[in-house]
Amino acid sequence: MPASTASAQQPDGERHPLAYNLAGITTLVLLAAVGIAYVIDQAGRSARTAGPSLDDGNVVTQTVAGHDLAIPSSWFRFGEDIRPGFVSQVDLNVQLALDGLPEPASVDVTLMPRSGARASAVLLDAVYLHQFADETVGGIPGLVGKPLVPSEGYAGETVWYDPLSPNPFVAKCAEAPEPSRPDRCLRTIHLPNGLAVVQSFDATVLAAWRQVDDELALWLGQIGALQN
């Protein structure tokens with residue numbers, strides 16, 4: 001009898017075990033592949049969420065406004081910026097260890113020539129003061145919060161500032177689009193060497209506002225941004 005005929009006449013009970021075994025092997029292979037993919041994905045997530053550190057290496061040297069900055073590649077916010085040479089600005093992310101916060105504060109930092117951004121302390125008198133609403137907001141020790149008038153396009157924005165300093169801490173914060181998320185603040189300072197430092201951070205950082213400049217100086221000093 002031809003082999004094909006014998007196979008066709010083979011009882012179902014003799015064919016099923018082989019089919020089950022093949023199906024079982026296929027399932028195990030698929031499960032193993034899924035497991036490997038999960039491990040790789042988790043490893044990638046861990047690497048992405050580790051965040052920058054003062055100890056990071058793999059330095060890239062970029063020149064902004066005549067200043068050579070030796071920046072660890074893990075500090076860059078955007079991958080396309082990771083190239084040596086002259087640039088108009090650098091966009092970084094730093095993690096500030098601030099007292100009273102459960103974890104390091106993530107602060108986005110842009111370094112550029114000081115001509116590219118006005119200092120927030122200057123804007124306080126030149127712009128913000130003339131846009132203050134009547135009410136005052138409290139809740140941050142040492143800072144005064146003044147909402148800006150919505151009719152001027154500042155709806156949902158509040159300026160927080162230190163009223164006692166001749167060179168005050170000033171941050172303009174905008175309401176988050178979702179109540180579950182913190183407001184986002186923007187602050188710009190000028191360094192004596194001609195660089196401007198634009199900072200963007202969650203409003204939770206305001207609780208430790210007195211420490212921000214000292215902690216930020218550790219990161220800026222690490223890359224040479226404080227040198228004259």
Side-chain angles (χ1 to χ4, degrees), residues 47-56 58-60 62 64-65 67 69-82 87-114 116-124 139-143 145 157-162 165 167-178 180-193 195-227:
R48 291 193 297 271
T49 58
S53 167
L54 286 168
D55 299 327
D56 291 340
N58 192 21
V59 170
V60 177
Q62 295 190 333
V64 181
H67 296 276
L69 307 178
I71 308 168
S73 59
S74 59
W75 294 18
F76 285 90
R77 233 184 312 158
F78 308 115
E80 60 268 23
D81 290 338
I82 306 178
V87 294
S88 59
Q89 67 182 51
V90 292
D91 298 296
L92 312 175
N93 177 263
V94 300
Q95 304 286 317
L96 305 187
L98 302 173
D99 293 341
L101 299 184
E103 56 187 20
S106 177
V107 178
D108 291 337
V109 172
T110 297
L111 297 172
M112 62 175 64
R114 65 186 300 160
R118 299 179 71 182
S120 297
V122 173
L123 291 174
L124 177 64
I140 307 295
L143 295 182
E157 297 189 353
T158 300
V159 172
W160 294 90
Y161 67 98
D162 170 15
S165 174
N167 184 29
F169 178 100
V170 180
K172 181 165 70 73
C173 303
E175 288 182 351
E178 300 177 6
S180 60
R181 300 175 60 184
D183 295 348
R184 194 71 179 172
C185 302
L186 190 68
R187 176 183 182 237
T188 300
I189 60 174
H190 284 171
L191 301 179
N193 60 11
L195 288 174
V197 185
V198 182
Q199 308 148 55
S200 176
F201 48 82
D202 287 346
T204 52
V205 171
L206 293 176
W209 65 273
R210 289 185 176 91
Q211 304 172 47
V212 168
D213 284 345
D214 289 341
E215 289 298 318
L216 184 60
L218 296 177
W219 293 77
L220 297 180
Q222 187 82 351
I223 63 176
L226 299 181
Q227 296 178 3

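Computation of the quantities below employed the complete heavy-atom set of this structure, encompassing side-chain atoms and omitting hydrogens, waters and symmetry-equivalent molecules. Since we're looking at a predicted model, the values are computed, not measured.
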Trainee: Trp75 vs Trp219, test: ring-ring contact (aromatic ring centres under 6.0 Å, His included). Steps then yes/no.
Mentor: CA-CA 10 Å; Trp75 294 18; Trp219 293 77; 4.7 Å; yes
Trainee: For a quick test of reading the model, state the closest non-hydrogen atom pair linking Pro168 to Ala121 and the distance between them.
Mentor: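 Looking at all heavy atoms of both residues, the shortest contact is O-CB, 3.8 Å.
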Trainee: In Å and rounded to the nearest 0.5 Å, what is the CD1 to CD distance from Ile82 to Gln62?
Mentor: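 The CD atom of Gln62 is 8.5 Å from CD1 of Ile82, to the nearest 0.5 Å.
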Trainee: Please round to the nearest 0.5 Å and tell me the distance separating atom CG of Leu195 and atom CG of Leu220.
Mentor: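 So the gap between those two atoms works out to 9.0 Å.
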Trainee: So, taking the atom named CG in Leu191 and the one named NE2 in His67, what distance separates them when rounded to the nearest 0.5 Å?
Mentor: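 If we round to the nearest 0.5 Å, Leu191:CG and His67:NE2 are 8.5 Å apart.
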Trainee: CZ/Arg118 to CG/Leu124 distance, rounded to the nearest 0.5 angstrom?
Mentor: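 Reported to 0.5 Å precision, the distance equals 11.5 Å.
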Trainee: Check whether any side-chain heavy atom of Leu206 sits under 4.5 Å from a side-chain heavy atom of Cys173, and report yes or no.
Mentor: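 Side-chain contact under 4.5 Å: yes.
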Trainee: How about Val94 and Glu215: do any of their side-chain heavy atoms sit closer than 4.5 Å?
Mentor: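 Val94 vs Glu215: side chains apart.
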Trainee: Looking only at heavy atoms, which two atoms of Ala217 and Leu226 are closest? And how far apart?
Mentor: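 So the minimum-distance heavy-atom pair works out to O-CD1, 3.6 Å.
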Trainee: Do Asp214 side-chain atoms and Gln211 backbone N/O form a donor-acceptor pair below 3.5 Å?
Mentor: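 Not confirmed, Asp214 side chain does not pair with Gln211 backbone.
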Trainee: By salt bridge (charged side-chain N to carboxylate O under 4.0 Å, His left out), which residues pair with Glu157, not counting sequence neighbours?
Mentor: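 So Glu157 forms a salt bridge (charged side-chain N to carboxylate O under 4.0 Å, His left out) with Lys172.
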Trainee: In the structure I gave you, are the side-chain heavy atoms of Thr188 and Ser120 within less than 4.5 Å of one another anywhere?
Mentor: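 With C-beta onward as the side chain, the pair touches.
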Trainee: Can you confirm whether Val198 sits close enough to Gln89 that some side-chain heavy atom of one is under 4.5 Å from a side-chain heavy atom of the other?
Mentor: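 When only atoms from C-beta onward are counted, Gln89 and Val198 do not touch, as no gap falls below 4.5 Å.
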Trainee: Hey, can you pull the donor-acceptor pairs under 3.5 Å for the side chains in residues 100-112, sequence neighbours left out?
Mentor:
{"residue": "Ser106", "atom": "OG", "partner": "Asn93", "partner atom": "ND2", "Å": "2.9"}
{"residue": "Asp108", "atom": "OD1", "partner": "Asn93", "partner atom": "ND2", "Å": "2.9"}
{"residue": "Asp108", "atom": "OD2", "partner": "Arg184", "partner atom": "NH2", "Å": "3.3"}
{"residue": "Thr110", "atom": "OG1", "partner": "Arg77", "partner atom": "NH2", "Å": "3.0"}
{"residue": "Thr110", "atom": "OG1", "partner": "Asp91", "partner atom": "OD1", "Å": "2.7"}

Trainee: Would a 4.5 Å heavy-atom cut-off, applied to side chains only, mark Cys185 and Val205 as touching?
Mentor: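 No. Closest side-chain heavy atoms not under 4.5 Å.
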Trainee: Run the side-chain contact (heavy atoms from CB on, under 4.5 Å) check on Phe76 and Val60 step by step: do they pass?
Mentor: CA-CA 10 Å; Phe76 285 90; Val60 177; 4.2 Å; yes
Trainee: For Ala208 and Leu98, work out which heavy atoms get closest and say how close.
Mentor: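 Closest pair (atom of Ala208, atom of Leu98, distance): CB-CB, 3.8 Å.
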Trainee: With rounding to the nearest 0.5 Å, note down the distance linking CZ in Arg210 to CG in Asp162.
Mentor: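 Taking CZ in Arg210 and CG in Asp162, the distance rounds to 7.5 Å.
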Trainee: If you compare all heavy atoms of Trp209 against all heavy atoms of Pro141, which two are closest, and at what distance to 0.1 Å?
Mentor: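 So the minimum-distance heavy-atom pair works out to NE1-O, 3.0 Å.
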Trainee: So how far is it from Ile223 CD1 to Ile71 CD1, rounded to the nearest 0.5 Å?
Mentor: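 Separation between the atoms: 4.5 Å.
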Trainee: Taking all non-hydrogen atoms of both residues, which atom of Ala196 and which atom of His190 are closest, and how far apart?
Mentor: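 The answer is CB-CD2, 3.7 Å.
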Trainee: Give the minimum heavy-atom separation between Val170 and Arg187, together with the two atoms involved.
Mentor: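 Result for this residue pair: O-CG, 3.1 Å.
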